[in-house]
Amino acid sequence: MGTAALGRRGKLRARQASDSSALEAAARWGFVARGVLYLLVGGLALRIAFGDGGQEADRGGALTEVAAQPLGSFLLWALGIALVGMALWRLSEAFFGAAGPDGNKPRKRLFSLARFLFYGFVAYSVLSFAAGTGGSGSGSSDKQSEDVTARAMELPGGQWIVGVGGLAIAVTGLWIASRAALRKYHKHLKMSALHGRTRQAVDVTGVAGGVARGAVFAVLGGFAVKAAVDYEPDKAKGIDDTLRSFADTPAGPWLLVLIAVGLAMFGLFSFAMARWRKI
């Protein structure tokens with residue numbers, strides 16, 4: 001058998017693996033894990049809004065909450081493995097294209113690759129926390145942001161790197177919020193299976209959750225841009241400080257309440273994606 005034929009057979013087998021029921025299950029459990037984390041972060045942010053600021057409202061705080069539960073260690077490993085599944089699914093999309101008529105476009109594949117890197121990092125953080133190795137999942141997101149910003153600014157052109165990176169995060173946040181408001185997620189869902197109140201619930205959680213999530217990313221990126229402009233790394237903020245900043249607006253803690261509820265809704269929307277997402 002020729003080299004070309006072997007190559008085609010290898011690609012076919014890889015494609016079959018990417019379409020397998022096992023990978024579909026991994027993706028769906030990944031959405032469940034994402035939903036759990038967002039529910040916990042939303043709950044922690046809600047506590048902060050009402051004066052209980054003991055725990056940080058970020059991934060590290062969420063994992064600490066999970067660890068404190070019965071069978072907490074098992075749950076942490078389950079979350080981490082599920083997120084590995086999410087990352088692998090996104091990697092398969094980068095290689096073979098996503099579901100839908102435009103899933104093979106280079107832009108879509110590039111987005112899938114970026115999501116693979118993101119979920120791969122999150123999975124690593126959760127598994128490191130579960131293993132007790134002091135991975136990035138257990139640290140303060142605020143301290144991590146300051147450290148990363150400070151190291152980036154030490155590089156040649158570091159101020160520009162941080163500024164452009166922050167601008168990219170802010171624009172991504174606005175993009176996420178606008179797509180949620182326009183219900184662009186409909187094309188990724190099995191809409192024919194959604195009826196009546198179920199569809200209404202999916203839309204409420206999808207719009208409110210997506211807008212809240214986008215707002216957090218937009219403000220997070222804005223702080224990075226400000227840190228770059230002022231050349232002060234400590235002005236960069238993580239998720240926790242970004243969420244707390246909503247309470248410092250003229251709207252007071254009520255804006256943080258809205259954002260917190262929105263993040264929790266995004267968690268619920270992730271559960272809906274686990275059930276009805278086209279994989």
Side-chain angles (χ1 to χ4, degrees), residues 34 37-38 41-42 44-45 48-49 56-61 90 107-108 110-122 125 136 140-155 157-185 206-251 254-267 269-270:
R34 187 181 75 174
L37 291 178
Y38 270 95
V41 171
L44 291 169
I48 292 171
E56 293 192 347
D58 54 18
R59 185 171 60 251
R90 291 301 191 183
R107 178 175 59 88
K108 290 286 186 179
L110 186 60
F111 282 156
S112 292
L113 181 61
R115 287 169 176 141
F116 158 70
L117 295 173
F118 173 77
Y119 284 112
F121 171 75
V122 175
S125 299
S136 58
S140 164
S141 63
D142 304 318
K143 183 65 167 63
Q144 290 167 12
S145 294
E146 291 178 14
D147 290 344
V148 170
T149 302
R151 288 197 294 268
M153 284 189 176
E154 293 173 357
L155 299 172
Q159 207 170 354
W160 281 100
I161 293 173
V162 173
V164 171
L167 183 62
I169 294 172
V171 170
T172 299
L174 295 175
W175 178 77
I176 290 172
S178 63
R179 286 179 64 84
L182 295 172
R183 303 181 185 182
K184 293 291 187 179
Y185 54 82
V207 173
V211 169
R213 182 178 180 234
V216 172
F217 275 97
V219 174
L220 181 71
F223 281 126
V225 172
K226 183 171 179 56
V229 171
D230 295 343
Y231 205 75
E232 295 183 32
D234 59 348
K235 288 189 177 180
K237 298 184 183 297
I239 297 296
D240 179 67
D241 269 354
T242 298
L243 287 170
R244 292 174 191 268
S245 71
F246 286 103
D248 297 332
T249 64
W254 294 109
L255 180 56
L256 178 55
V257 169
L258 288 176
I259 295 294
V261 171
L263 292 177
M265 283 189 173
F266 187 77
F269 177 69
S270 294

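Every heavy atom of this structure was used, including side-chain atoms; hydrogens, water molecules and symmetry mates were not.
What you find for Val162 and Ala228 is that their closest heavy atoms are CG1-CB, 3.8 Å. Summarising the geometry of Ala170 relative to Gly222, their closest heavy-atom pair is CB-N, 4.2 Å, with the distance given to 0.1 Å. What you find for Leu44 and Gly61 is that their closest heavy atoms are CD1-C, 3.6 Å. Among all heavy-atom pairs drawn from Thr149 and Ala236, the shortest one is OG1-CB, 3.2 Å. Scanning all heavy atoms of the two residues, the minimum distance from Phe246 to Thr249 falls at O-OG1, 2.9 Å. Across all their heavy atoms, Val211 and Ala180 have their closest contact at N-CB, 3.8 Å.
In this structure, Trp175 places its CH2 atom where more than 12 heavy-atom neighbours from other residues, nucleotides or ligands lie under 6.0 Å away. Other residues, nucleotides and ligands place more than 12 heavy atoms under 6.0 Å from the NZ atom of Lys108.
Between Tyr38 and Phe266, the ring-plane angle classifies as perpendicular under the 30° and 60° cut-offs.
Judged by distance alone, with hydrogens and angles left aside, the side-chain atoms of Glu146 form no donor-acceptor pair with the main-chain N or O of Pro233 at under 3.5 Å.
Side chains of Leu243 and Ile48 form no contact here, defined as non-hydrogen atoms less than 4.5 Å apart. In this structure, Val207 and Phe269 have side chains that are not in contact, with every pair of non-hydrogen atoms separated by 4.5 Å or more. Under the 4.5 Å side-chain criterion, counting only non-hydrogen atoms from C-beta, Ser245 is in contact with Phe223.
Rounded to the nearest 0.5 angstrom, Asp248 CG and Leu255 CG are separated by 10.5 Å. The structure places CG of Leu258 at 11.0 Å from CG of Leu263, a figure rounded to the nearest 0.5 Å. The line from OG of Ser145 to CG of Leu220 is 6.0 Å long, rounded to the nearest 0.5 Å. Here CG of Asp234 is found 11.0 Å from CG of Asp147. Values are rounded to the nearest 0.5 Å. Note that CD1 of Ile239 and CZ of Phe217 are 6.0 Å apart. Values are rounded to the nearest 0.5 Å. Interatomic distance, Leu167 CG to Thr172 OG1, rounded to the nearest 0.5 Å: 9.0 Å.
A salt bridge links Asp240 to Arg244: one of the charged nitrogens lies within less than 4.0 Å of a carboxylate oxygen.
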